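Chain letters run A, B, ... following the sequence lines, proteins first, then strands; residues in each count from 1. Keep in mind it's a predicted model, so treat the numbers as computed, not measured.
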Amino acid sequence: MLIIKDLHATIDGREILKGINLTVGPGEIHAIMGPNGSGKSTLSYVLAGREGYEVTGGSVTYDGKDLLALTPEQRAAEGVFLAFQYPIEIPGVSNTTFLKYAVNAIRRHRGEQELDAMEFLKLVRGKTRALGISDDMLKRAVNVGFSGGEKKRNEVLQMAVLNPRLALLDETDSGLDIDALRIVADGVNALRSPERSMVLITHYQRLLDYIVPDHVHVLAWGRIQRSGGAELARELEAKGYAEFAERAA
Amino acid sequence: MTGSPDSAVADLDPIRAAAEQKYKYGFTTDIESETAPKGLNEDTIRFISAKKAEPAWLLEWRLKAYRLWLTMTEPHWAKLNYAPIDYQDSFYYSAPKAKPALKSLDEVDPELLATYAKLGIPLREQEYLAGVETGAAPMIAVDAVFDSVSVATTFKATLEAKGIIFCSISEAIQKYPDLVRQYLGSVVPYSDNFYATLNSAVFTDGSFVYIPEGVRCPMELSTYFRINAKNTGQFERTLLIADAGSYVSYLEGCTAPQRDENQLHAAVVELVALDDAQIKYSTVQNWYPGDENGKGGIYNFVTKRGACRGRNSKISWTQVETGSAITWKYPSCILQGDNSVGEFYSVAVTTNCQQADTGTKMIHIGRNTRSTIVSKGISAGRAQNTYRGLVKIMPKAENARNHTQCDSLLIGDRCGAHTVPSIESRNSSARVEHEATTSRINEDQLFYCRQRGLTPEDAVSLIVNGFCKEVLKELPMEFAVEAQKLVGISLEGSVG
Ligand SMILES: Nc1ncnc2c1ncn2[C@@H]1O[C@H](COP(=O)(O)OP(=O)(O)OP(=O)(O)O)[C@@H](O)[C@H]1O
Ligand SMILES: [Mg+2]
């Protein structure tokens with residue numbers, strides 16, 4: 001599904017990713033953990049194609065295609081979805097309008113019929129209830145005045161509606177209260193399928209209690225320092241990242 | 001028709017064809033027209049007045065204006081840059097040749113009907129009604145002005161039943177001379193400013209509206225202006241009177257063919273609201289803006305002013321300005337009646353080499369008068385966009401209130417946004433607030449949209465429409481959708 005080989009990337013000439021290797025198979029869930037500033041969000045932005053993040057070496061193959069050759073919107077249309085660590089506010093644009101634009105842009109790209117207002121509403125309604133998103137939130141401007149938790153739930157709603165094949169969730173659990181965490185985790189688990197791969201970036205074991213990953217990786221100082229199964233996360237929770245600091249030094 | 005974008009020319013010159021496609025109203029109509037000799041002198045004015053069989057007082061008024069205009073100089077205080085205009089190099093009267101009095105639309109030149117149909121403005125009531133029934137078209141009465149004259153007004157009978165007068169100003173001069181004489185020039189005097197004075201001398205047509213006491217106009221009224229003939233200036237004059245306790249919502253739309261030379265448009269709009277009357281005046285201005293190098297396009301020098309003469313009266317201006325090479329326009333309110341309200345909601349989009357200097361004046365004269373100004377300026381390319389506003393509180397305007405909000409959005413780094421607000425307060429009980437922001441289109445927002453599958457063009461269009469939301473929501477619903485699309489189309493290709 002996703003094969004990252006020796007990926008190097010810089011921001012403003014400063015190297016942040018220093019040779020990432022990672023393979024995500026179809027239907028797999030991978031968790032990436034690691035200290036603040038280690039390059040987790042950078043990796044997700046590079047995969048999504050954000051400007052200003054320059055790839056200086058390595059390759060990323062997605063579904064047999066060179067992912068790095070595609071524009072951000074092409075990647076989205078090919079099924080790559082990024083749930084942002086800090087979701088962006090768009091004043092004056094209602095959540096519904098935004099979602100409808102997104103759904104139909106992707107459908108157009110795939111050569112599918114655009115959804116009309118009724119069909120679209122049906123699709124969205126089916127997802128909002130489970131995520132505890134009110135009609136009022138749909139009418140409000142995208143993320144404007146949303147609480148931290150509401151923003152994260154809104155990202156999961158977008159994911160559910162856009163139905164991606166590779167979901168990158170950057171700290172979607174941060175800032176959630178216990179109940180919201182369960183709602184979000186249930187939402188993500190509901191999307192678990194043999195055709196969909198996920199990369200969860202998180203700092204907390206408690207998310208992984210709900211969404212049990214197939215693999216866990218530690219990203220520190222621009223490299224994957226260690227990989228393991230679900231038990232690695234529990235070990236990290238107990239020991240912290242000190243061991244990797246020595247290794248990187 | 002000639003110059004249609006999908007004609008053979010398209011094969012020869014794909015770039016030009018693409019450019020023409022973008023401004024989809026750029027076609028011209030081949031129609032026989034009657035034209036006054038080029039240039040401007042007293043004979044031109046006598047010619048226009050005679051053509052329209054005007055009463056002597058009006059010819060006198062025109063000549064007074066003309067003689068004054070000769071002594072005036074073009075104003076240059078606006079932040080606009082253009083080569084001098086040769087006022088002798090323009091035609092001041094061009095009318096589609098037709099029988100003097102049209103009894104029905106069947107007598108309108110079919111080419112003209114086709115032109116308006118192409119612009120999406122059906123002039124046949126029955127076709128329109130069919131659209132209304134199926135929900136495809138809003139209920140709306142139209143006065144269509146083609147070059148210098150009004151060619152058709154729809155739904156006259158329906159409106160007349162309520163005592164509403166909606167016709168061309170030429171017709172009003174014939175049929176309702178007293179009303180015209182009472183109000184013409186009462187808000188914008190012939191001596192007002194260079195362009196308004198020129199308009200007073202040479203205006204050729206425009207719309208006239210009178211809403212009688214206590215009547216709520218049952219449908220939107222609208223005028224569509226179309227400049228077709230080459231080297232022709234368009235000088236229309238609109239006069240709208242809302243009698244006590246009445247309400248009207250009025251919309252004007254404008255388009256012009258694509259031509260390499262600049263064309264002058266100098267209109268005057270006068271609104272009068274008596275006690276408890278409300279006027280909502282919306283404009284979607286899409287004159288040809290010129291090409292990406294600044295060649296061609298309309299020079300739009302317009303004087304629009306509303307007088308809230310009565311107590312509790314209200315005038316609300318909403319404008320979406322996307323076209324014209326140059327826009328010079330300050331729709332204003334004179335808040336004379338106690339408790340009267342003035343509003344100005346504006347979106348001005350400038351791209352390529354377009355220049356807009358626009359804003360409003362709110363003159364508070366009566367007690368408890370209130371005004372609201374919301375201006376959204378968007379610039380891309382090498383365009384310049386200026387908000388210029390004046391809020392004036394006169395000594396008797398106890399408890400006057402104004403709130404002004406001016407936001408500018410920049411796309412790219414070669415364009416400019418400028419805000420020139422002035423406040424003159426001569427009453428200490430007045431409260432005047434002004435907020436202004438300037439921002440660049442936000443990279444985070446663009447990326448967020450693109451990550452969700454939107455193309456950069458759609459992303460910009462969505463973000464800009466969000467930025468303009470407060471203004472667009474003031475438009476009648478049917479037009480808000482059109483305006484949103486227009487804003488998006490205008491900005492196409494401005495990011496890359
Ligand atoms: N736009 C930028 N300009 C300069 N430096 C940046 C920029 N974005 C990120 N960085 C730097 O890149 C490094 C990696 O940042 P990144 O956001 O990827 O970390 P992270 O692992 O996601 O951290 P966290 O756990 O705190 O979210 C940091 O040192 C950060 O300061
Ligand atoms: Mg991060």
Leu462(B) side chain reached by Thr97(A) side chain, heavy atoms, under 4.5 Å: yes
Measuring heavy-atom distances to chain B, does Glu78(A) have an atom under 4.5 Å in its side chain, in its backbone, in both, or in neither? neither
Considering residues, nucleotides and ligands other than Glu119(A), do more than 12 of their heavy atoms fall under 6.0 Å from its CD? yes
Could you please spell out the steps behind the side-chain contact (heavy atoms from CB on, under 4.5 Å) verdict for Gln451(B) and Phe81(A)? CA-CA 7 Å; Gln451(B) 208 306 301; Phe81(A) 179 91; 4.2 Å; yes
Under a 3.5 Å cutoff, is there a donor and acceptor pairing between the side chains of Asp444(B) and Tyr86(A)? no
Pairwise distance CD(Gln158(A)) to CZ(Arg452(B)) - rounded to 0.5 angstrom: 4.5 Å
What do you reckon, is CZ of Arg50(A) surrounded by more than 12 foreign heavy atoms closer than 6.0 Å? yes
Got a second to check how far Arg108(A)'s CZ is from Thr455(B)'s OG1, nearest 0.5 Å? 7.5 Å
Taking the side chain as C-beta and beyond, is there a heavy-atom pair between Pro91(A) and Glu470(B) under 4.5 Å? no
Are any of the side-chain heavy atoms of Arg450(B) and Thr71(A) separated by less than 4.5 Å? yes
On a heavy-atom basis, which atom in Val142(A) and which in Tyr448(B) lie closest, and how many Å separate them? CG1-CE2, 4.0 Å
Check whether Cys449(B) gets within reach of chain A through its side chain, its backbone, both or neither, counting any heavy atom under 4.5 Å. both
Measure distances from Phe467(B) to the heavy atoms of chain A and classify the residue's part below 4.5 Å as side chain, backbone, both or neither. backbone
CZ (Arg431(B)) with more than 12 external heavy atoms under 6.0 Å: no
Mark yes when over 12 heavy atoms from residues, nucleotides or ligands other than Lys139(A) sit less than 6.0 Å from its NZ; otherwise mark no. no
Do Phe447(B) and Phe84(A) pass the ring-ring contact (aromatic ring centres under 6.0 Å, His included) test, and can you show the C-alpha distance, the side-chain angles, and the key distance before you say yes or no? CA-CA 11 Å; Phe447(B) 175 62; Phe84(A) 284 56; 5.6 Å; yes
Against chain B, label Leu82(A) side chain, backbone, both or neither, depending on which of its atoms sit under 4.5 Å from a heavy atom there. both
Nearest non-hydrogen partners of Ala105(A) and Gly453(B), listed with the distance: CB-O, 3.3 Å
Could you check Ile463(B) against Ile90(A) for side-chain contact (heavy atoms from CB on, under 4.5 Å), going step by step and ending with a plain yes or no? CA-CA 7 Å; Ile463(B) 294 165; Ile90(A) 311 180; 4.3 Å; yes
